[in-house]
2 protein chains.
Amino acid sequence: MATMQDVALRAGVSPKTVSRVFNEDPHVLPGTRSRVEDAMRELNYVPNVLARTFRAGRSSSIGVAVPDLVDPFFASVVRAVESVCSLTGITTLVTSIGDDPARERPVLESLLRSQLRGLILAPVSEDQSWLSQWAEHTPIVFVDRAPVGLGADTLVEDDRLGAYLATDHLLGHGHTRIGFVADTTHPPSTRRRLEGYRAALADKGVSFDEHLVAEEANGRQRAAAEVDRLWRDPEPPTAVFSSNARVTMDLIPALRGRNVALVGFGDFQMADQLSPPVTVVRQDPVELGRLAATRALARFADSDGRHEPATVLPVSLVLRESCGCAASG
Amino acid sequence: MATMQDVALRAGVSPKTVSRVFNEDPHVLPGTRSRVEDAMRELNYVPNVLARTFRAGRSSSIGVAVPDLVDPFFASVVRAVESVCSLTGITTLVTSIGDDPARERPVLESLLRSQLRGLILAPVSEDQSWLSQWAEHTPIVFVDRAPVGLGADTLVEDDRLGAYLATDHLLGHGHTRIGFVADTTHPPSTRRRLEGYRAALADKGVSFDEHLVAEEANGRQRAAAEVDRLWRDPEPPTAVFSSNARVTMDLIPALRGRNVALVGFGDFQMADQLSPPVTVVRQDPVELGRLAATRALARFADSDGRHEPATVLPVSLVLRESCGCAASG
DNA sequence: CGACCTCATGACATCGATGTCATGAGGATC
DNA sequence: GATCCTCATGACATCGATGTCATGAGGTCG
């Protein structure tokens with residue numbers, strides 16, 4: 001691989017002049033410039049990104065850490081982040097954290113060591129206070145899930161409203177025994193969804209029954225187990241609210257043949273093609289990713305600004321049929 | 001951020017000794033070692049990854065470029081690559097190329113400039129011969145789609161066999177007018193799927209009708225348009241073979257109410273929950289990603305070995321009901 | 001014609017970690 | 001006690017690009 005040194009030698013100038021040509025410094029005579037350009041072409045010069053970023057003191061990558069890349073919601077977020085960054089010539093270092101909260105810290109630390117431009121994070125653990133020392137050097141933007149034990153830029157959906165709308169809609173169909181099914185209830189976003197669920201019940205004068213809350217329903221097997229448990233109740237649910245798209249997908253086979261209404265938080269591919277089509281709270285992962293990337297890049301330029309309160313993106317209820325509504329055509 | 005220099009000063013040794021301690025060089029006296037370790041702890045020393053990789057001349061990242069991260073197949077591949085790499089402390093630079101073949105080269109060149117450890121690539125363009133100069137420095141492993149105009153390590157599924165099995169199965173159900181629907185037919189993998197389809201027809205003495213081949217069926221709208229076109233034929237298909245999972249998903253709404261058998265190449269989430277559940281050729285994206293990462297890392301250690309012929313991973317037909325088979329339980 | 005200015009170019013240092021070689025203390029061996 | 005060895009440690013150079021400052025050629029103005 002040719003270096004600036006090599007190009008300089010060939011063009012009969014100093015390396016610094018090659019650097020100037022490469023960086024389009026106007027203080028280079030046209031003759032010199034073209035000689036250098038010729039030399040670059042002949043040697044097929046490619047700048048050494050490692051050297052440049054080292055000198056600059058900052059890598060040209062942004063980190064993106066999400067629970068699971070295969071979850072279409074996070075895949076969309078990542079793709080959106082990536083497409084914003086690629087416009088600026090910034091690459092994206094992607095990591096799936098996985099379901100194990102204990103893995104979060106080591107995974108993120110290994111990411112953060114590489115002097116990222118910024119980190120976009122949807123955490124799985126229950127506490128991120130240890131991140132504060134890293135946050136001094138690297139702007140961190142939380143998406144989908146607010147940080148715990150740390151102040152930082154945050155972009156979330158309107159979890160509370162979404163859950164409220166969904167639950168209220170089910171109540172409107174006459175259901176009073178509505179299950180709330182989640183994988184974990186720790187994350188603030190899930191907690192806010194639970195709040196919305198409870199608020200809707202309260203507003204309609206339906207009492208909250210904690211037996212109707214199911215956790216750990218991740219994976220089809222565990223989802224089925226939780227459903228069995230719910231249905232062993234003397235008064236089993238007649239409707240179910242699922243707290244995220246992964247859970248909804250895992251829940252559907254278990255719900256087959258139970259004649260139960262269903263609304264899920266988070267849209268997913270083919271939701272409209274199932275029988276019945278699944279009513280969902282629609283989020284906008286693309287917008288979320290876009291905003292997060294923009295925010296992270298802006299933070300990098302001006303890291304002094306104080307963190308605003310969490311930005312809340314709107315959600316909407318997409319009525320299909322699983323909630324009990326009739327086919328619309 | 002503290003540097004080795006700072007630590008050295010505090011511990012009263014030379015930077016080189018700090019480096020030795022950090023790298024667990026045995027030639028350091030225990031006393032010196034612990035003084036240095038104390039200093040590191042006190043200053044909260046974190047190595048500068050940029051400097052290390054610069055000196056090493058190679059980044060500690062591997063590149064992964066796929067057409068679309070949101071496609072669950074590629075998401076699985078990426079996640080598998082990532083989980084292999086994270087064991088070795090290698091990070092993954094992920095890029096979605098998108099559907100536009102013209103974007104491929106610039107996107108990849110920007111990735112390759114960062115002195116990757118290796119590149120794992122599922123290309124969308126029709127020619128990758130320009131990659132040969134990069135391949136001299138960076139091991140490239142093709143996944144899912146073989147390279148065109150370039151010799152390189154390649155991991156593909158048994159496209160031909162998968163398509164053969166699927167088509168043969170549909171023929172076995174008595175269908176003779178079987179549509180072949182794809183997004184693009186350029187990629188070698190799609191071409192081999194078409195070959196398998198034709199081979200199965202030929203073996204059963206059914207003549208190939210090019211009118212039954214639909215392209216550009218990406219996105220629900222275009223998929224619907226292609227379906228309309230197929231059904232304007234005087235003898236419309238009674239069965240359809242879809243050449244990949246994305247197309248299958250886009251095709252399903254368009255096929256509704258047409259009473260047509262369907263087999264898709266590639267499994268996808270909820271395929272078994274649709275009505276009818278979709279029969280598919282199952283690939284193993286996780287294994288594909290795992291092997292690709294392993295191969296790329298091995299190549300890096302020993303770049304001299306010659307490329308073996310493409311490794312072909314087995315596929316299998318997962319019978320559900322959309323092919324015409326009865327429910328199994 | 002001399003003082004001053006502009007501007008192209010280069011020499012050198014720098015970013016942080018580490019490979020190479022030198023140095024010198026302490027010990028082993030005859 | 002002289003020679004050689006072992007081994008801890010440090011000085012210095014290096015990876016490639018680029019910021020800083022110096023230099024010196026050519027031009028302008030009084």
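In what follows, every chain begins at residue 1, and chains take the letters A, B, ... in the order their sequences are listed. Heavy-atom basis, side chains included; hydrogens, waters and symmetry copies ignored.
Proximity of B/S14 to the phosphate of D/dG10: a side-chain N or O atom is located under 4.0 Å from OP1 or OP2. For B/S19, no side-chain nitrogen or oxygen approaches OP1 or OP2 of C/dA17 to under 4.0 Å. Checking the phosphate oxygens (OP1, OP2) of D/dT18, a side-chain nitrogen or oxygen of A/N23 falls inside 4.0 Å. Residue B/Y45 places at least one side-chain N or O closer than 4.0 Å to OP1 or OP2 of C/dA17.
Rounded to an integer number of Å, the gap from A/L9 CG to C/dA11 P is 12 Å. The distance between atom CD of A/Q5 and atom P of C/dA11, rounded to the nearest whole Å, is 10 Å. Rounded to whole Å, atom P of D/dG10 lies 15 Å from atom NE2 of B/H27. A/L29 places its CG atom 12 Å from the C1' atom of C/dT6, with the value rounded to the nearest Å. In this structure, CG of B/L50 is placed 13 Å from C1' of D/dC15, rounded to the nearest angstrom. Whole-Å rounding puts the A/D25 CG to D/dT20 P distance at 13 Å. Atom CG of B/D6 is separated from atom C1' of C/dC15 by 13 Å (rounded to the nearest Å). Rounded to whole Å, the distance from CZ on B/F22 to P on C/dT18 is 8 Å.
At a threshold of 4.0 angstrom between heavy atoms, the contacts of B/V18 with the nucleic acid are absent. Within 4.0 Å of B/R55, counting heavy atoms only, lies at least one base atom of the nucleic acid.
The side chain of B/T17 lies closest to D/dT9, out of C/dG16, D/dA17, D/dT9. Taking only side-chain atoms of B/F54, from C-beta outward, the nucleotide of C/dG10, C/dT18, D/dG16 with the closest atom is D/dG16. Among the nucleotides C/dG10, C/dT18, D/dA17, the one closest to any side-chain atom of B/M4 is C/dT18. The side chain of B/T32 lies closest to D/dA8, out of C/dG16, D/dA8, C/dT18. In the set C/dA11, C/dT9, C/dG16, the nucleotide with an atom closest to the side chain of A/V28 is C/dT9.
Using a 4.0 Å cut-off between charged side-chain N and carboxylate O, B/R105 and B/E109 make a salt bridge. B/R35 has no carboxylate O lying under 4.0 Å from a charged side-chain N of B/D38, or vice versa, which leaves the two without a salt bridge. A salt bridge links B/E287 with B/R290: the closest approach of a Lys/Arg side-chain nitrogen to an acidic carboxylate oxygen falls below 4.0 angstrom.
The aromatic rings of A/F54 and B/F54 sit parallel to each other, their planes meeting at less than 30°, with 60° as the upper class boundary.
Toward the 5' end of DNA chain D, the nearer of the two residues B/R20 and B/A51, judged by each one's closest nucleotide, is B/R20.
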### Query
So B/V78 and B/T92, side-chain contact (heavy atoms from CB on, under 4.5 Å) or not? Walk me through it.
CA-CA 9 Å; B/V78 172; B/T92 39; 5.8 Å; no

